Each structure stands twice: as structure tokens, then as C-alpha cells.
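Written out below as C-alpha cells is the structure these notes cover.
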Protein chains: 2
Amino acid sequence: MKDLKRKHSIPGKIYVIGTGPGSVEHITPYARKAITHSDTIVGYGTYMELISGLLDKKEVFSTGMTREIERCRKAVEIAGTGKTVAVISGGDPGIYAMAGLVLELCKEAGIDAPVVDLEIIPGISALNACAARLGAPLMHDFASISLSDRLTPWERIEKRLDASASADFVIVLYNPKSKGRTAHIERAREIILKYRTPETPVGIVRGAMRENERIVITDLSDMLRHQIDMQTTVIIGNSSTYRWKDFIVTPRGYERKLGSDGRDG
Amino acid sequence: MKDLKRKHSIPGKIYVIGTGPGSVEHITPYARKAITHSDTIVGYGTYMELISGLLDKKEVFSTGMTREIERCRKAVEIAGTGKTVAVISGGDPGIYAMAGLVLELCKEAGIDAPVVDLEIIPGISALNACAARLGAPLMHDFASISLSDRLTPWERIEKRLDASASADFVIVLYNPKSKGRTAHIERAREIILKYRTPETPVGIVRGAMRENERIVITDLSDMLRHQIDMQTTVIIGNSSTYRWKDFIVTPRGYERKLGSDGRDG
């Protein structure tokens with residue numbers, strides 16, 4: 001870091017790369033190419049295992065899940081020595097993930113080059129993957145809310161739950177429950193039930209598109225009977241969302257016009 | 001369609017496939033494999049051209065942009081004859097796109113098989129791609145709102161703008177403006193300005209990750225001076241979002257703790 005601060009620029013390059021839901025099958029060719037072009041790969045153990053086939057002959061810096069700040073600092077530091085560094089993020093680094101942290105740490109390092117050579121490469125996020133596995137819940141406006149109050153006051157989270165429920169957004173819940181926080185998902189459900197019926201469809205997805213995937217389609221009334229943890233994403237329908245066979249579908253609009261001429265109504 | 005109704009099942013299979021921002025570089029290997037395995041490919045002209053390299057020896061059914069219902073009906077009909085059909089969607093079919101329409105048309109066709117052989121394959125949506133090109137605007141809770149009132153009453157859209165602005169969501173605007181609707185984006189900005197300062201960062205992205213990409217980083221005060229149309233996605237920061245060099249960054253939380261021990265605060 002000292003070196004970086006003295007130089008006030010990054011001679012190297014940082015890629016922040018999304019590897020999607022898990023297996024290499026869901027990593028875009030563009031992301032794969034960026035990994036191949038990098039000298040050093042920085043990431044969390046589990047995600048690194050999933051892409052281990054791409055890491056041959058690479059310098060690798062891997063740490064446990066909670067040490068993300070340490071990993072990203074390391075990436076900025078290594079880029080400061082002129083190397084190309086890939087920071088690996090599961091899902092999409094742009095959605096509640098590494099992109100912001102890397103940028104915050106670049107800023108903290110006092111880089112004053114007018115252009116920082118940093119590229120965010122998007123991936124399939126939990127939101128995209130879970131929606132796909134449930135059918136079509138996100139055909140209309142939606143709000144994405146993390147129930148983790150580690151860095152956000154709980155009152156603000158409650159306000160967002162209330163606002164999004166009252167305005168009939170489909171609601172995507174990230175980090176719905178951890179061992180230390182079991183009441184948040186209960187409270188979220190209570191708030192949403194002020195505005196929606198108990199029959200409102202709810203999808204609960206864990207490990208979307210991975211081998212251990214688990215999909216539950218239920219409703220607001222019954223959702224708490226199912227296992228929910230930090231690896232789970234919960235999607236709650238709007239007032240028009242319905243269940244059909246194994247799917248949850250949110251219609252594209254409120255005035256349903258499936259015109260017979262093949263044109264949109 | 002008659003055939004389908006008589007049989008009440010789909011003997012074939014439907015894939016609804018997201019091809020991401022445009023070029024084949026951003027299509028996942030999994031999506032590519034599904035295209036390869038399909039007998040018939042159904043899609044909108046422009047997206048089909050972008051993946052033309054994958055369409056060799058395929059039966060292709062392609063129509064103009066507004067004829068999406070016709071295309072999806074055709075897909076359901078062809079699957080009814082026992083074929084495997086790929087419905088191609090730009091971006092992610094699960095976000096304001098084809099997934100819901102295909103499911104609605106399957107339902108309309110009266111399929112009564114308990115399991116419909118239909119798979120949604122997610123792609124990089126405009127939301128993911130635009131966020132990546134802007135830096136890290138979606139590090140915290142966000143709301144996605146389409147400003148098109150073609151199928152949704154405008155009052156409902158205004159209510160959502162107000163609710164999401166008041167609860168400090170980052171706001172992603174799809175379909176911000178068309179030739180017939182130029183006032184919606186102005187009204188959206190007015191509503192958001194009730195709750196946020198004129199200096200709130202705004203990102204305007206057109207053709208993200210394509211050759212003709214255009215990225216503007218501006219603020220609520222100046223945003224209307226820039227070109228905005230139906231191909232544009234607009235992302236408006238929350239109260240903590242800031243500009244740093246070429247980027248927009250939303251901090252991960254409201255209590256900023258970049259702990260020196262490498263652990264999250």
C-alpha cells in the first residue's frame with residue numbers, strides 16, 4: 001500500500017470478474033478471457049475451487065469468506081506493482097459484491113491518475129439465476145433488498161420493505177437469514193403482509209444452478225415453514241403474480257392484452 | 001395451436017435463452033449449448049444477427065421487434081410438434097423480457113401436463129451490464145422501474161418512483177423515453193428530486209458492452225441535457241452514492257467501516 005500511495009497511480013490493471021452461479025458453464029467467454037490474461041487471481045476459497053480449471057500456472061491469493069477487504073486490498077497492492085490482477089466474485093460483482101469494495105479501496109489508496117485501469121465484468125447474479133429457476137417472477141418492476149443489518153440500520157431496511165410492498169414491487173430478498181439473525185425474515189414477511197394477501201406466491205432458491213440446488217415455490221402464508229439461510233434468495237410476487245404448474249409468473253402489465261394479431265396490446 | 005390444445009401437452013422442449021448485451025462473447029457456454037441442441041430458433045431480427053454464427057443449419061423464425069407475441073406463440077406451437085425450440089432474448093429473458101410471455105402463452109394454450117418441459121436460461125441483463133460500465137452503483141438496495149405505460153397505468157409508475165425515492169433505493173430506469181413519451185423521464189426526475197439533491201450521481205448507458213456503447217456520468221441536475229431513448233438505461237444513485245474519477249460508487253453500507261484488519265466492519 002505504501003508503494004501505491006507514493007506512486008499515486010496503478011501501473012497494472014484490475015479486472016473484477018463475475019463467475020455467475022457456480023460452474024464454468026455459466027462464465028461468459030469474455031470473463032474467461034480476462035481470467036486467462038491476468039497474472040494474479042484473487043478470490044474467496046469456494047469460488048476459486050469452482051474455477052480451478054482456469055487457474056493453472058497463475059499466482060493465486062485466496063482467503064476465507066469474511067476476509068474480503070483483505071483480498072481486495074491485496075489486489076490493489078499487486079496492481080500497483082504493474083501486474084494484471086483478477087478479483088473473482090461469485091454471481092455479478094456489480095450487485096452487492098466486490099466491484100464497490102475494490103473501487104472504495106482504490107480511492108482510499110489515494111490513486112490520482114485521471115483514469116484508473118479497472119474493468120468490471122458482469123456475471124449472472126443470484127437475482128438472474130433464481131428468477132430463471134422460478135419461471136418469470138421479474139417481468140415487472142422489482143426491488144432488491146438485503147436483510148443484513150451489518151452495515152445498514154435495520155430501520156432503513158424496514159422502511160424499504162414497507163415502501164416496496166406498498167408500491168406493489170416484486171421483492172427480491174438477499175441475505176434473508178443468518179444464524180445470528182433469524183427474526184429479520186419474519187419481520188419482513190409481516191410488513192409485506194400489510195399490503196399483500198397470504199396467497200401471494202413466494203419462491204425460495206438455494207444454490208441456484210448448482211448441483212445442490214433447492215427450489216421451493218410457496219406463498220407468504222407458508223414461507224417460514226421452509227429452510228431459509230444466507231445462501232438463499234427469496235422472491236415475493238406482486239399483486240398480479242400467480243403460480244402455474246412448477247412456475248411463478250408475474251404478468252408483464254396490469255392491463256392484460258394478449259392480442260390475437262401477434263402484436264403487443 | 002389447435003394441435004397443442006388437443007394434445008394438452010408439449011411433447012417437445014422450449015428453452016428461453018438470454019444472449020446478454022450483444023456479442024457472442026457475453027453468452028454463457030450453457031446458453032450456447034442450448035442453442036446448439038435446439039432444432040428451431042425463434043427471435044427478433046437484431047438479436048438473431050448478433051448470434052448468426054450459431055444458427056447454421058437451424059430452422060429460424062425471425063420477426064420484427066413489436067411482434068414478440070407472434071414469435072412466442074410460434075415457439076409454443078413448434079414445441080407442440082415434438083421439436084426443441086430456442087426462444088432468443090437479448091439481455092436476460094427473466095427481466096422484463098420473454099420468459100413471462102412464453103409462460104403466459106403456454107398457459108393460454110391449455111397445456112395440462114403436470115410438468116412443462118421449459119427451461120429459462122439467464123443472461124447478462126441491461127441492469128448488470130450498465131452497472132458494470134458505470135462502476136459500482138448497485139452495491140446497495142435498488143429498485144428497477146420501467147417508465148413504459150403501455151401495459152401499466154402511469155399513476156402506478158409514479159407511485160413506485162415516489163416510494164423508491166423516499167426509501168433511498170438506488171433506482172434503475174428501463175424504457176426511459178420513446179418518441180411518443182418524452183415527458184415520463186422529466187416527471188420521474190421531478191419526483192426523485194423531492195427526496196434527493198441535484199448533485200445525486202446519474203449514469204446513462206446506451207448499448208452497454210456493444211460497439212456503439214455510449215456512457216454518460218452526470219447528476220440529477222444535468223441529466224436531461226443528455227440523449228436518452230428506448231435503448232438507454234438510467235441509474236440514479238442513493239443518498240450515499242458518489243462520483244470518483246470515471247465511476248459511480250454506492251458504498252456497501254451506511255456505517256462505513258473499512259477495518260484495517262482485513263475483516264468487514
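What you see is a predicted model, and the numbers here were worked out from it, not measured in a lab. In the text below, chain A, chain B and the rest are named by the order of the sequence lines, each starting its count at 1.
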Under a 3.5 Å threshold, yes or no: a donor from one side chain and an acceptor from the other, between [X] and [Y]?
{"X": "A:His140", "Y": "A:Ser240", "result": "no"}
{"X": "B:Ser148", "Y": "B:Tyr96", "result": "no"}
{"X": "A:Asn238", "Y": "A:Thr250", "result": "no"}

Could you tell me which portion of [X] (side chain, backbone, both or neither) has an atom closer than 4.5 angstrom to a non-hydrogen atom of chain A?
{"X": "B:Val102", "result": "neither"}
{"X": "B:Asp162", "result": "neither"}
{"X": "B:Ile171", "result": "neither"}
{"X": "B:Cys106", "result": "both"}
{"X": "B:Pro93", "result": "backbone"}
{"X": "B:Ile95", "result": "both"}
{"X": "B:Arg32", "result": "neither"}
{"X": "B:Asp92", "result": "side chain"}
{"X": "B:Phe247", "result": "side chain"}

A:Lys33 portion near chain B, given a 4.5 angstrom heavy-atom threshold
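When you check distances to chain B, only side chain atoms of A:Lys33 fall under 4.5 Å.
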Is the charged tip of B:Arg71 near the ring of B:Tyr44: under 6.0 Å from the six-membered ring centre and within 45° of its axis?
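No, a cation-pi geometry is absent between B:Arg71 and B:Tyr44.
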May I ask you to name which of B:Ala131, B:Gly123, B:Pro137, B:Gly20 has the most heavy-atom pairs under 4.5 Å with chain A?
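Greatest number of close heavy-atom pairs with chain A: B:Gly123.
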Heavy-atom pairs under 4.5 Å with chain A - which of B:Asp246, B:Ile157, B:Val172, B:Leu103 has more of them than the others?
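Highest number of heavy-atom pairs under 4.5 Å: B:Leu103.
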Kindly give the heavy-atom pair with the smallest separation between A:Met98 and A:Val16, and that separation in Å.
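Nearest heavy atoms, A:Met98 then A:Val16: CB-CG1, 3.9 Å.
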When only pairs under 4.5 Å are counted, which of A:Pro21, A:Ala129, A:Ala97 shares the most heavy-atom pairs with chain B?
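Result: the option with the highest number of such pairs is A:Ala97.
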For the candidates A:Ala136, A:Ala143, A:Ala99, A:Ala132, which exhibits the highest count of non-hydrogen atom pairs separated by less than 4.5 Å from chain B?
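Top count of heavy-atom pairs under 4.5 Å with chain B: A:Ala132.
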Apply side-chain contact (heavy atoms from CB on, under 4.5 Å) to B:Lys13 and list each qualifying residue two or more places apart in sequence or on a separate chain.
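Expected list: B:Tyr15, B:Thr84, B:Asp117, B:Glu119.
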Taking ring-ring contact (aromatic ring centres under 6.0 Å, His included) as the cut-off, I'd like each qualifying pair that reaches into residues 143-164 of chain A, sequence neighbours left out, listed once.
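Counting only pairs at least two positions apart or across chains, the ring-ring contact (aromatic ring centres under 6.0 Å, His included) contacts touching residues 143-164 of chain A are A:Trp154-A:His184.
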Flag, side chain of B:Asn175 to backbone of B:Ser146, donor-acceptor distance under 3.5 Å
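Checked: no pair found.
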